[in-house]
Amino acid sequence: MITQAPRGTYDATPNENATFRSDVLHRLEDHFFAVMARYGYGEVRTPMFEHTELFSRTSGDTSEVVNKQMYSFTDKGDRSVTLKPEGTAPAVRAYLDAKLGAQGGVTRLCYQTAIFRYERPQKGRYRQAHQFGLELFGSGQPDADAEIIEATIEFYRAIGLRDTVVLLNCIGRAESRARFREALATYLAPWLPDQSEEIKMLADRNPLRLFDQKDPKVNEFMAGAPVVTDHLEDASRAHFDTLQALLTEAGVGYELRPEIVRGLDYYTDTVFEVHSTLLGAQGALCGGGRYDNLVKEVGGPATPGVGVGMGVERAYIVLEAQGDLPPMPGLNAFVVAATEDAWPTVRTLCRALRKAGLSVQYDVEGKNLKGQMKQADRMRAQWAVILGTDELAAGQATIKNLATGEQRQVPQSDIAATVGA
RNA sequence: GCGGAUAUAGCUCAGGGGUUAGAGCGCCUCACUGUGGCUGAGGAGGUCGUGGGUUCAAGACCCAUUAUCCGCCCCA
């Protein structure tokens with residue numbers, strides 16, 4: 001079936017029952033960049049693909065994303081390249097390549113990008129998905145973490161999402177995490193031999209995930225397990241405490257969740273997700289956190305950073321589940337020829353109205369008056385502007401409000417003002 | 001990568017081996033020849049996801065395949 005989009009991808013189209021309406025996606029983008037402009041974030045656009053090493057080095061080779069989800073291929077120059085599975089590592093690379101941090105201080109970047117992961121698709125999970133992202137380089141202060149989270153919430157408010165919750169955790173630095181893993185391993189040791197292969201593998205590969213299992217028996221056992229936040233260094237502890245105070249001050253509600261650990265290995269200290277109950281199994285709207293070793297890892301000077309990646313489709317799905325998708329956009333006016341002699345004037349008037357900034361169409365199918373009126377209705381035009389022999393003679397036009405049905409005659413020169421109001 | 005469900009008109013769905021496959025909505029025409037929406041009357045539109053098979057006969061049953069959805073896993 002050559003007409004269907006590849007598995008896990010979709011076409012966004014401007015029609016009412018599209019899976020994703022392109023006009024809505026466009027609105028989300030507008031809101032995102034408008035909000036981020038108010039926070040002073042500048043847009044960075046990075047390539048669709050990167051050297052594979054950028055991701056394998058930074059995301060960690062035990063991570064699921066790098067392990068089996070990357071769209072990697074060898075190009076004709078025998079280089080291994082990968083369609084980007086996430087936005088942060090490329091943003092870091094671009095930040096370094098363009099020497100944005102050369103003057104010191106803080107650099108704030110935002111982006112909108114497609115991401116690719118070879119996964120089994122379901123609702124809210126695609127092989128090509130899209131993310132809005134923020135990265136803040138050059139500050140290790142909790143104020144930076146707070147700003148990222150606050151800006152994220154601000155975006156969700158701007159597009160009208162309700163009932164979202166910020167899930168917050170602090171996973172510490174390498175040393176404290178090692179200490180914690182040790183404590184956890186000690187706790188798991190007597191219990192593990194009786195568990196399923198799956199649990200054993202998880203305990204070996206990514207033990208923090210054990211905090212986030214569906215099995216109630218596992219949860220019961222894990223309730224008594226040591227918690228990451230009990231093993232934090234003083235600096236991490238203080239950072240986390242201050243961040244919470246800042247969020248409270250900002251009026252951003254949050255829940256502490258020791259099971260939030262994130263799938264990418266580069267995070268240090270702060271990690272967070274925003275969830276919505278309306279998303280089903282794919283509960284996360286966005287995920288982010290602090291990555292104080294990442295810039296150095298990519299080859300730059302040691303530079304702290306914090307960022308977030310927000311799922312565009314997931315925001316859309318929640319908006320739709322709320323019943324809050326905006327109505328399909330319509331024209332300001334549809335200009336109608338009531339008599340054959342009016343066509344030249346119809347065309348000139350359309351040009352004038354468009355020049356005045358209005359969205360305007362006229363019939364290009366050779367329809368009669370009734371057909372044109374019908375078309376005006378179908379295009380959700382606010383006004384029908386009707387021109388016929390009578391109007392031409394008087395230098396006027398009949399304008400009809402298609403919502404109320406009222407109509408009146410106005411001078412042709414006044415139409416832009418009336419229709420645009 | 002694992003388990004389960006689904007695929008029939010533009011959309012939402014009914015039909016469960018046997019004449020020309022149905023409904024609602026949408027679309028087209030007419031009533032309404034300078035006026036959309038409402039109403040009424042007509043009408044068009046489907047190789048029943050695709051490829052095989054069983055059968056005298058398949059949209060229905062079987063196998064494969066593709067896609068979507070749900071759960072697991074993972075996460076955006």
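Keep in mind that the numbers below use all heavy atoms, side chains included, and drop hydrogens, waters and symmetry copies. Chain letters run A, B, ... following the sequence lines, proteins first and then strands; every chain starts at 1.
Nucleotides B:G59 and B:G18 have their P atoms positioned 11 Å apart, rounded to a whole Å. Comparing the P positions of B:C25 and B:U20 gives a spacing of 28 Å, expressed to the nearest Å. Taking atom C1' in both B:U8 and B:A21, the straight-line distance is 8 Å, to the nearest Å. Taking atom P in both B:A58 and B:U50, the straight-line distance is 16 Å, to the nearest Å. B:G22 sits 16 Å from B:A44 when the C1' atoms are compared, rounded to a whole Å. Remark: the separation of the C1' atoms in B:C30 and B:C70 is 48 Å, to the nearest Å. When the P atom is compared between B:C48 and B:C61, the two are found 15 Å apart, to the nearest whole Å. The C1' atoms of B:U54 and B:G46 are separated by 25 Å, rounded to the nearest whole Å.
Taking atom CG on A:Leu369 and atom P on B:G37, their separation rounds to 12 Å, with Å as the unit. Rounded to an integer number of Å, the gap from CZ of A:Phe20 to P of B:U68 is 12 Å. If you measure from atom CZ of A:Phe55 to atom P of B:A76, you get 13 Å, rounded to the nearest angstrom. Look at NZ on A:Lys370: it is 12 Å from C1' on B:C38, rounded to the nearest Å. If you measure from atom NZ of A:Lys123 to atom P of B:A67, you get 18 Å, rounded to the nearest angstrom. Straight-line distance from the OH atom of A:Tyr10 to the P atom of B:A67: 18 Å, rounded to whole Å. Atom CE of A:Met70 and atom P of B:C74 are 18 Å apart (whole Å). If you measure from atom CG of A:Asn15 to atom P of B:C27, you get 14 Å, rounded to the nearest angstrom.
Under 4.0 angstrom from either OP1 or OP2 of B:U68 there lies no side-chain N or O belonging to A:Gln122. Contact between the side-chain N/O atoms of A:Arg7 and the OP1/OP2 oxygens of B:U68 is found at a separation under 4.0 Å.
A salt bridge (Lys or Arg N to Asp or Glu O under 4.0 Å) check over residues 320-337 of chain A, counting only residues at least two apart or in different chains, returns the pairs A:Arg162-A:Asp324. Pairs engaging residues 354-377 of chain A under the salt bridge (Lys or Arg N to Asp or Glu O under 4.0 Å) rule: A:Glu365-A:Lys367 [sequence neighbours left out].
Scored by the ring pair (Phe, Tyr, Trp, His ring centres under 6.0 Å) test, A:Phe137 finds A:Tyr95 as partners (sequence neighbours excluded). The side chain to side chain donor-acceptor pair (under 3.5 Å) search around A:Glu154 returns none, not counting sequence neighbours. For the salt bridge (Lys or Arg N to Asp or Glu O under 4.0 Å) test, no residue two or more places apart in sequence or in another chain qualifies with A:Glu182. Looking at residues two or more places apart in sequence or on another chain, you find no ring pair (Phe, Tyr, Trp, His ring centres under 6.0 Å) involving A:Phe73.
For the segment residues 373-405 of chain A, residues with any heavy atom less than 4.0 angstrom from an atom of RNA chain B are, sorted by number, A:Met373, A:Lys374, A:Asp377, A:Arg378, A:Ile386, A:Gly388, A:Thr389, A:Asp390, A:Glu391, A:Thr398, A:Lys400, A:Leu402, A:Ala403, A:Gly405. For the segment residues 23-45 of chain A, the set of residues with a heavy atom within less than 4.0 Å of an atom of RNA chain B is empty. Taking every heavy atom of residues 324-336 of chain A and every atom of RNA chain B, no pair lies under 4.0 Å.
Side-chain proximity of A:Pro121 to the nucleotides B:U68, B:G36, B:A76 is greatest for B:U68. In this structure, the nucleotide among B:A76, B:A67, B:G34 sitting nearest to the side chain of A:Gln4 is B:A67. Among the nucleotides B:G36, B:G34, B:G1, the one closest to the side chain of A:Tyr118 is B:G1. Side-chain proximity of A:Arg314 to the nucleotides B:A76, B:G3, B:A67 is greatest for B:A76.
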Checking side-chain hydrogen bond (donor to acceptor under 3.5 Å, both in side chains) for the pair A:Thr303/A:Lys296: CA distance, chi angles, key distance, verdict?
CA-CA 7 Å; A:Thr303 307; A:Lys296 194 173 179 189; over 6 Å; no

Verify side-chain hydrogen bond (donor to acceptor under 3.5 Å, both in side chains) between A:His51 and A:Glu53, making sure each step is shown before the conclusion.
CA-CA 5 Å; A:His51 297 295; A:Glu53 193 193 355; over 6 Å; no

Starting from the C-alpha separation in whole Å, work towards a yes-or-no answer on side-chain hydrogen bond (donor to acceptor under 3.5 Å, both in side chains) for A:Thr398 and A:Glu391.
CA-CA 7 Å; A:Thr398 300; A:Glu391 285 86 352; 2.5 Å; yes

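Salt-bridge formation is detected for the pair A:Arg45/A:Glu43: a Lys NZ or Arg NE/NH1/NH2 atom is positioned less than 4.0 Å from an Asp or Glu carboxylate oxygen. Ion pair A:Arg290/A:Asp269 not flagged as a salt bridge, since none of the NZ, NE, NH1 or NH2 atoms sits closer than 4.0 Å to an Asp/Glu carboxylate oxygen. Contact check on A:Arg125 versus A:Glu119 returns a salt bridge, with a Lys/Arg side-chain nitrogen under 4.0 Å from an Asp/Glu carboxylate oxygen. Between A:Arg108 and A:Glu147 there is a salt bridge, with a side-chain nitrogen of the basic residue lying less than 4.0 Å from a carboxylate oxygen of the acidic one.
Along RNA chain B, the nucleotide nearest to A:Cys286 and the one nearest to A:Pro6 differ in position, and the one closer to the 5' end is contacted by A:Pro6.
Within 3.5 Å, a donor on the side chain of A:Arg125 pairs with an acceptor on the base of B:C73, or the reverse. Remark: the A:Glu119 side chain and the B:A76 base include a donor-acceptor N/O pair separated by less than 3.5 Å.
Side chain to side chain, A:Gln375 and A:Tyr362 fail the donor-acceptor criterion of an N or O pair below 3.5 Å. Using modelled atom types and a 3.5 Å distance limit, the side chains of A:Thr339 and A:Thr389 yield a donor-acceptor pair.
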Contacts under 3.5 angstrom, residues 342-352 of chain A side chains, donor-acceptor by atom type, not counting sequence neighbours:
unit_1, atom_1, unit_2, atom_2, d
A:Trp343, NE1, A:Glu340, OE1, 3.4
A:Thr348, OG1, A:Pro344, O, 2.5
A:Thr348, OG1, A:Thr345, O, 3.4

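Here the two rings, on A:Phe116 and A:Tyr126, have centers that are 6.0 Å apart or farther.
Within a 6.0 Å radius of OH in A:Tyr254, more than 12 heavy atoms belonging to other residues, nucleotides or ligands are found.
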Could you go over nucleotides 10-13 of chain B and give all protein N or O partners under 3.5 Å, atom names and distances?
none

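Counting non-hydrogen atoms under 4.0 angstrom, A:Gly87 reaches nothing in the nucleic acid.
Using cut-offs of 30° and 60° on the angle between ring planes, the pair A:Tyr10 and A:His130 is perpendicular.
Base-pairing analysis of RNA chain B finds the following stems of at least three consecutive Watson-Crick or G-U pairs, with both pairing distances under 3.5 Å: B:1-7 with B:66-72, B:10-13 with B:22-25, B:27-31 with B:39-43, B:49-53 with B:61-65.
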